[in-house]
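So you know, we letter chains A, B, ... as the sequences are listed, proteins then strands, and number each from 1.
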2 protein chains.
Amino acid sequence: MKLTPVMERFVLHWGEMGGRWGVNRTVSQIHALLYLSEAPLTAEEIADVLQVARSNVSTSLRELQSWGLVKMVHITGDRRDHFEAHHDVREIFRVVVEERKKREIDPTLTLLRACTTEAGNETPKAVRERMQNTLAFMELLTSVYDEVHQLPDAGLMAWLKTGLKARKLMR
Amino acid sequence: MKLTPVMERFVLHWGEMGGRWGVNRTVSQIHALLYLSEAPLTAEEIADVLQVARSNVSTSLRELQSWGLVKMVHITGDRRDHFEAHHDVREIFRVVVEERKKREIDPTLTLLRACTTEAGNETPKAVRERMQNTLAFMELLTSVYDEVHQLPDAGLMAWLKTGLKARKLMR
DNA sequence: CTTATATTTTACTAATTTCTGAAATAACAG
DNA sequence: CTGTTATTTCAGAAATTAGTAAAATATAAG
């Protein structure tokens, strides 16, 4: 397994971006590598290409599997584990959006429900309203997500594209 | 300036979530505090309520201003700077989405354009296609964003809500 | 100007996160 | 079983990021 310069650039970039996404560099690099790779790779090969510790690959793969971005497969006649990633960017997009919603939205929804329920007169009215509005908006986003994310691929694309003409339609 | 228990809970939670968003805890706490606060606050008051160093507040406020989430205002007869945040969650949403697009999408678009342009025969065809697809998809997302984010608030809400019925419409 | 107050910068410390290498565990082949 | 290869766990090193306190700078009042 050897990367062409363009592939290497892609992998390194994906790794850097990982930082801005809540995953660390190695995790993100491994994902990029598997995304590009034709065939499933062993942990050993990955460690080799990316020049990171074997143990680091092990934990990173575990994380990627927990996200549902990578799965373990086996090759007959080889007892080592091999790993592969979805090769479809839309599938990756779905998974990432879902996971980020879980981590970035859901806990706040829970909190806001608690706050709006418990806030009594000791909390200024304007503050209560603000929390209420925040909750309502986040619930709307969540509902839209719930509907849209279970569309088949073509449906998702179709809905997205309605956004392209939104301005025109609004007039 | 004293927080009610519910407000304190909100601020602390917002701070924790900050970590999952690419902003640090203090920045996020300050934002939450200003979001709830009726009146603009001075840096001193903020440091006081949140129990962090005055200098930390200074840099955090600078960052929030650079995001466009907080602005400096002045109160007649008081020479200290005061700070206030948008009180509308949708406005915050807009700003955050825009900023995250800048940080999380745009650099990758640039890279993918370079990769797809430069990738020649040394790069396997399947890999080139994959990069090409990734680029196309991210360009679609960007176009949708460009259209949608400049809608007036009512328009944005209207488009979002079309998503609520997307599944039904697709049948 | 001089002094008092407000703010920013900076050099350093603390906390957190990431990564490694070694040891432990597991899985299999002979 | 025993030895070999594969994988995971874990304690600590290295790197990064966040936060502090003090010094430097700026701003306005008298």
Side-chain angles (χ1 to χ4, degrees), chain A residues 1 11-12 14-34 39-67 70-84 103-104, chain B residues 1 11-12 14-34 39-67 70-84 103-104:
Chain A
M1 182 63 191
V11 168
L12 292 178
W14 212 256
E16 276 167 36
M17 295 309 287
R20 310 190 183 183
W21 286 43
V23 268
N24 70 42
R25 198 176 57 224
T26 306
V27 169
S28 205
Q29 282 183 358
I30 293 176
H31 180 240
L33 178 60
L34 293 174
L41 301 177
T42 63
E44 188 85 28
E45 288 172 305
I46 295 169
D48 220 48
V49 176
L50 300 181
Q51 315 231 62
V52 293
R54 176 69 185 71
S55 58
N56 193 2
V57 173
S58 185
T59 22
S60 299
L61 282 170
R62 177 178 286 271
E63 182 170 346
L64 284 166
Q65 284 173 283
S66 87
W67 278 65
V70 162
K71 79 172 191 236
M72 190 192 289
V73 296
H74 287 98
I75 309 268
T76 39
D78 190 338
R79 79 184 164 96
R80 293 169 304 174
D81 298 337
H82 291 243
F83 299 88
E84 70 178 7
R103 299 177 187 208
E104 301 178 6
Chain B
M1 182 63 190
V11 168
L12 292 178
W14 212 255
E16 277 167 35
M17 295 308 286
R20 311 191 182 181
W21 287 42
V23 267
N24 70 42
R25 197 176 55 224
T26 307
V27 170
S28 205
Q29 282 182 358
I30 293 176
H31 179 240
L33 177 60
L34 292 175
L41 301 178
T42 64
E44 187 85 31
E45 287 172 306
I46 295 170
D48 218 51
V49 175
L50 300 181
Q51 314 232 61
V52 294
R54 176 66 185 73
S55 57
N56 193 4
V57 172
S58 186
T59 26
S60 299
L61 282 170
R62 178 177 286 271
E63 182 170 348
L64 284 166
Q65 284 173 282
S66 87
W67 278 65
V70 161
K71 79 169 191 241
M72 191 192 289
V73 296
H74 287 97
I75 309 268
T76 39
D78 189 339
R79 79 185 166 95
R80 293 170 302 175
D81 298 336
H82 291 243
F83 299 89
E84 69 179 7
R103 300 178 186 206
E104 301 178 7

* Asked: So, for B:V52 and B:T26, which heavy atoms are closest and what is the spacing to 0.1 Å?
  -> CG2-CG2, 4.2 Å
* Asked: Which distance, rounded to the nearest 0.5 Å, do you find between the NE2 of B:H31 and the CE of B:M17?
  -> 14.0 Å
* Structure fact -> Residues A:H82 and A:R80: closest non-hydrogen pair is CD2-O, 3.2 Å
* To do: Starting from the first five and the last five pairs of the helix from C:dC1-D:dG30 to C:dG30-D:dC1, work out the angle between the resulting helix axes, to 10 degrees.
  => 10°
* Please check if the side chain of B:S58 supplies one atom and the backbone of B:R54 the other of a donor-acceptor pair under 3.5 Å. => no
* Heavy-atom side-chain proximity of A:W67 to A:V23 below 4.5 angstrom -> yes
* Which atoms form the tightest heavy-atom contact between A:E16 and A:R25, and what is the distance? -> N-CG, 4.3 Å
* Any side-chain heavy-atom pair from B:V70 and B:I30 closer than 4.5 angstrom? -> no
* **Working for side-chain contact (heavy atoms from CB on, under 4.5 Å), residues B:V49 and B:V11** => CA-CA 11 Å; B:V49 175; B:V11 168; over 6 Å; no
* **Exercise: identify the closest heavy-atom pair between A:G15 and A:S28** => CA-CB, 3.8 Å
* Asked: Residues from residues 46-53 of chain A sitting under 4.0 Å of DNA chain D, heavy atoms only?
  -> none
* Asked: If every non-hydrogen atom of B:E84 is compared with every non-hydrogen atom of B:P40, which pair is closest and at what distance?
  -> OE1-CG, 3.6 Å
* Structure fact -> Nearest heavy-atom approach of A:F83 to A:L34 is O-CD2, 3.4 Å
* Structure fact -> Under a 4.0 Å heavy-atom cutoff, the residues of residues 18-29 of chain A touching DNA chain D are none
* Any residue meeting salt bridge (charged side-chain N to carboxylate O under 4.0 Å, His left out) with B:E104, in chain and number order, not counting sequence neighbours -> A:R100, B:R100
* Asked: Separation of B:I30 atom CD1 from D:dG19 atom C1', in whole Å?
  -> 11 Å
Collect all protein-nucleotide pairs involving nucleotides 5-9 of chain D in which both atoms are nitrogen or oxygen and the distance is under 3.5 Å.
| unit_1 | atom_1 | unit_2 | atom_2 | d |
| --- | --- | --- | --- | --- |
| D:dT5 | O4' | A:R79 | NH2 | 3.1 |
| D:dT5 | O2 | A:R79 | NH2 | 3.4 |
| D:dT7 | OP1 | A:D81 | N | 2.5 |
| D:dT7 | OP1 | A:D81 | OD2 | 3.3 |
| D:dT7 | OP2 | A:R54 | NH2 | 3.4 |
| D:dT8 | OP2 | A:S58 | OG | 2.8 |
| D:dT9 | OP2 | A:R62 | NH2 | 3.4 |

* To do: Please name all residues satisfying side chain to side chain donor-acceptor pair (under 3.5 Å) with B:R103, sequence neighbours left out, ordered by chain then number.
  => B:E99
* Structure fact -> From CG of B:L41 across to C1' of C:dA6 the rounded distance in Å is 16 Å
